[in-house]
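Each remark here refers to the structure printed beneath this line.
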Amino acid sequence: DDVNADGNTIDLTATGAVTIDGVVDDLSGSVSISTGGAITIAQAASAAGSITLVSSAGAISTQEIIAGTDVSVVATGNILLGANTTASSGAVTLLSDSSITSIGTVNANRDATIIATGNVTLGGSGLAGLLTGGDATILANTGDVTVANVTAGGDAVLFSLQGMLSQEKD
């Protein structure tokens, strides 16, 4: 089912997994979901303010994310972003103790920080991997970094400590 709010902030804290089969939408506030298990959002998540997803013991899987300000996704497991991720007037932070995969474009009005222990894969055939108005930092510790077209208004740093780095350019 859908989770909708207007005039309130959605703030959900759970000790186990959280699965939302519908849309998450906050027309005037922010969305914050923090769990001790996995987070799965089967459809779009949007908020006038920020969107924060934190899993202290699991993976995070979403579709499109649209925030009026910042987007922050932090997981001990894999992060899978199944569509575009947009911070309209803010920054994007993606942190994983495992791998990060974004099938769509990560778009940050300000800086983007993307750090994983394993692989980082952004974008795909014909899609920009990362568009940012500020600095872009993409780091993989033991995995590979694969990005389709990075455009940054500031500095762009792409680095893999022990893996390979590849960037596709249009």
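Note that the structure is predicted; figures quoted are calculated from it, not measured.
- Note on Leu122 and Leu165: same hydrophobic cluster, where clusters join Ile, Leu, Val, Met, Phe, Trp and Tyr whose side-chain heavy atoms are under 4.5 Å apart, directly or indirectly.
- Of all heavy-atom pairs between Gly118 and Ala140, the closest is O-CB, 3.2 Å.
- Hydrophobic cluster membership for Leu161: Val54, Val74, Leu95, Ile115, Leu139, Phe159 (Ile, Leu, Val, Met, Phe, Trp, Tyr linked by side-chain heavy atoms under 4.5 Å, directly or transitively).
- Atom OG of Ser28 is separated from atom CG of Asp26 by 5.5 Å, given to the nearest 0.5 angstrom.
- Residue pairs meeting the salt bridge (Lys or Arg N to Asp or Glu O under 4.0 Å) criterion with at least one partner in residues 82-109, sequence neighbours excluded, do not occur; the list is empty.
- Val106 and Leu131 end up in different hydrophobic clusters when Ile, Leu, Val, Met, Phe, Trp and Tyr side chains are linked at under 4.5 Å.
- Here the rule is side chain to side chain contact (heavy atoms under 4.5 Å, CB included) with Ile39, and of Leu53, Leu12, Ile20 only Leu53 fits it.
- Cluster note: Ile66 groups with no other residue, as no ILVMFWY side-chain heavy atom lies under 4.5 Å from it.
- The list of salt bridge (Lys or Arg N to Asp or Glu O under 4.0 Å) pairs with a residue in residues 75-94, not counting sequence neighbours, is empty.
- Side chains of Asn78 and Ser98: a donor-acceptor N/O pair is present below 3.5 angstrom, by distance only.
- Listed by chain and number, the residues in a side chain to side chain donor-acceptor pair (under 3.5 Å) with Asp111 amount to none (sequence neighbours excluded).
- Closest of all the heavy-atom pairs between Ala42 and Gln63 is O-CG, 3.2 Å.
- Under a 4.5 Å side-chain heavy-atom cut-off, the cluster of Ile, Leu, Val, Met, Phe, Trp and Tyr residues that includes Ile103 is completed by Leu80.
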Review point. Step by step, would you call Ile114 with Ile100 a side chain to side chain contact (heavy atoms under 4.5 Å, CB included)?
Key: CA-CA 8 Å; Ile114 301 166; Ile100 298 171; 3.8 Å; yes
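- Residue pairs that meet the side-chain hydrogen bond (donor to acceptor under 3.5 Å, both in side chains) test with at least one member in residues 136-146, sequence neighbours left out, do not exist here.
- Between the CG atom in Asp155 and the OG1 atom in Thr132 there is a gap of 11.0 Å [rounded to 0.5 Å].
- Side-chain N or O atoms of Ser88 include one that pairs as donor or acceptor with a backbone N or O of Ala67 at under 3.5 Å.
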Review point. Between Leu94 and Leu81, does a side chain to side chain contact (heavy atoms under 4.5 Å, CB included) hold up when you go through it step by step?
Key: CA-CA 10 Å; Leu94 307 174; Leu81 306 172; 3.8 Å; yes
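- Here the straight-line distance linking atom CD of Gln162 with atom OG1 of Thr117 works out to 10.5 Å at 0.5 Å rounding.
- Nearest heavy atom pair, residue Ala156 against residue Val150, reads CB-CG1, 4.3 Å.
- Side chains of Ser89 and Asn109: a donor-acceptor N/O pair is absent below 3.5 angstrom, by distance only.
- If you take OG on Ser160 and CG on Asn119, they are separated by 8.0 Å, rounding to the nearest 0.5 Å.
- Listed here is the closest heavy atom pair of Gly154 and Asp135: CA-OD1, 3.3 Å.
- The closest donor-acceptor contact from the side chain of Thr86 to the backbone of Asn107 lies at 3.5 Å or more, if one exists at all.
- A salt bridge (Lys or Arg N to Asp or Glu O under 4.0 Å) check over residues 77-90, counting only residues at least two apart or in different chains, returns nothing.
- Taken to the nearest 0.5 Å, the OG atom of Ser46 stands 7.0 Å off from the CG atom of Leu27.
- Listed by chain and residue number, Glu64 satisfy the side chain to side chain contact (heavy atoms under 4.5 Å, CB included) test with Ala44 (two or more places apart in sequence, or in another chain).
- Residues satisfying the side chain to side chain donor-acceptor pair (under 3.5 Å) criterion with Thr113, sequence neighbours excluded, are absent altogether.
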Tabulate below the donor-acceptor pairs under 3.5 Å that side-chain atoms of residues 30-38 make, not counting sequence neighbours, or state none.
unit_1	atom_1	unit_2	atom_2	d
Ser30	OG	Ser50	N	3.0
Ser30	OG	Ser50	OG	3.4
Thr35	OG1	Gly37	N	3.3
Thr35	OG1	Gly37	O	2.5

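- Every salt bridge (charged side-chain N to carboxylate O under 4.0 Å, His left out) that Asp70 has, sequence neighbours left out, goes to Arg110.
- Considering every non-hydrogen atom in both Ala116 and Ser99, the closest pair reads CB-CA, 4.3 Å.
- Linking ILVMFWY side-chain heavy atoms closer than 4.5 Å, directly or via other members, places Met164 and Leu130 in two distinct hydrophobic clusters.
- Nearest approach of Thr76 to Ser56, heavy atoms of both residues: CG2-O, 3.1 Å.
- For the pair Ser102 (side chain) and Gly104 (backbone), a donor-acceptor distance under 3.5 Å is present.
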